[in-house]
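First comes the structure, then the notes that go with it.
Numbers for residues simply follow the sequence, beginning at 1. Keep in mind that what you see is a predicted model, and the values were worked out from it rather than measured. Side chains are part of it too, since the values below use all heavy atoms of this structure and drop only hydrogens, waters and symmetry mates.
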Amino acid sequence: MPELPEVETIARGVDERLRGDRIETIWFSEKPEPFKTSPQLMARELPGRRIERVYRVGKHIVFDLAGGNAPGLQWIVHLGMTGRLLVADADTPVPPHTHGILHLASGRELRFVDARRFGRMELHGTPTQKTARFIGTGQEPFNISQDDFAALFRPRRTSIKAALLNQKLLQGVGNIYADESLFRAGIRPRRMARHLKRAELDRLHAALQVVLKEAIALGGSSVSDYVDAAGVEGFFQLQHRVYLRTGLPCLVCGAPIRRILVAGRGTHYCPHCQR
């Protein structure tokens, strides 16, 4: 599943290419799974809107839209497990498993492609909704202070890995970056969050921010289906220190990297460097 760095990379790429463009017509597939908002409502509300800004909230890509009868309307895309958002010229062949196409005034298209159909598209801020702008479910890793980070995790009666994956606590972090951050902080993933010392939580707070920023700088991790808005793979997988390195020597101490299950997820760690 695309995590914070991958979603951030895609959102930046789409924003760079499409900010200010106008949606002229749309096409949606007949598959029901990708639609959290009905395709009929989106087909009515999206045409004629101008894309003001595209950005990330947690693992969601948010489109701020202008024009129409609902000021403040937002289009929200969650990529699920295998989703892609691709900006393409109209004459470029449409890839298999495409479930949505926005035809734009510039002549380009924005295509939502999702082989496994776990991704979702929805509108936020329609006239019938009485909610504020979309803010997601939890705290943003780049915005949370050391004190708030410690206060968020210290009461949790669960493993620190499971707590990091809880999107209601900290949104955007997934399996890859939980493993990599815990390694850099020197913390074993099965340790109970409430048993961590303040110094350990401070190390984890710092490690998480460093790992996420490095991953964004390298365009994310392409370990499965992920590509950016131009269809280009990321490079951070080349910098992984534990994730998917089961049995290989730790890059710090040489001990074999181990794989276990934590919260139902494959989890990678160094038995020597992490305590």
Check this for me: Arg108, atom CZ, are more than 12 non-hydrogen atoms of other residues, nucleotides or ligands nearer than 6.0 Å?
yes
Between CD1 on residue Ile160 and CZ on residue Arg188, distance to nearest 0.5 Å
15.5 Å
Would you mind listing every ring-ring contact (aromatic ring centres under 6.0 Å, His included) that reaches into residues 39-96, with sequence neighbours excluded?
His60-His78, His60-Phe134, Phe63-Trp75
Can you find a heavy atom in the side chain of Leu212 that is under 4.5 Å from one in the side chain of Pro141?
yes
Mind checking whether Tyr243 and His268 have parallel, tilted or perpendicular rings, split at 30° and 60°?
perpendicular
How far does CZ of Arg49 sit from CG of Leu102, to the nearest 0.5 angstrom?
12.5 Å
Is it the case that the side chain of Gln74 and the backbone of Val62 share a donor-acceptor pair, with hydrogens and angles ignored and the cut-off at 3.5 Å?
no
If you compare all heavy atoms of Cys253 against all heavy atoms of Cys273, which two are closest, and at what distance to 0.1 Å?
SG-SG, 3.7 Å
Pairs in or reaching into residues 151-172: which pass side-chain hydrogen bond (donor to acceptor under 3.5 Å, both in side chains), with residues at least two apart or in two chains?
Glu140-Gln171, Lys161-Asn175, Lys161-Asp179, Lys161-Thr267
Are Tyr226 and Ser221 close enough that some pair of their side-chain heavy atoms sits under 4.5 Å apart?
no
Atom of Met42, atom of Pro47 and distance for their closest heavy-atom approach:
O-CD, 3.9 Å
So, Arg19 side chain and Val54 main chain: donor-acceptor pair closer than 3.5 Å or not?
no
Distance, nearest 0.5 Å, that separates CG of Asp202 from CG of Asp147
8.0 Å
Taking all atoms of both residues into account, what is the closest heavy-atom pair of Val211 and Ser181, and its distance?
CB-OG, 3.8 Å
So, taking the atom named CG in Leu4 and the one named CD1 in Ile176, what distance separates them when rounded to the nearest 0.5 Å?
12.0 Å
Residues Gln40, Phe28; criterion side chain to side chain contact (heavy atoms under 4.5 Å, CB included); working and verdict
CA-CA 9 Å; Gln40 294 79 15; Phe28 291 125; over 6 Å; no
Out of curiosity, does Ile144 fall in the hydrophobic cluster containing Val57 (side-chain heavy atoms, cut-off under 4.5 Å, transitive links)?
no
Rounded distance [0.5 Å steps], NE2 in His103 versus CZ in Arg111
8.5 Å
Drop me the distance from Leu65's CG to Leu46's CG, to the nearest 0.5 angstrom.
6.5 Å
Determine whether a donor-acceptor pair (N or O, by modelled atom type, separation under 3.5 Å) exists between the side chain of Thr37 and the backbone of Leu123.
yes
Angle between ring planes, Phe236 versus His240, binned at 30° and 60°: parallel, tilted or perpendicular?
perpendicular
Just wondering, do Leu79 and Glu6 contact through their side chains at under 4.5 Å, heavy atoms?
no
Kindly determine whether Leu208 and Leu170 satisfy side chain to side chain contact (heavy atoms under 4.5 Å, CB included), including the steps that lead there.
CA-CA 11 Å; Leu208 182 62; Leu170 201 67; 3.5 Å; yes
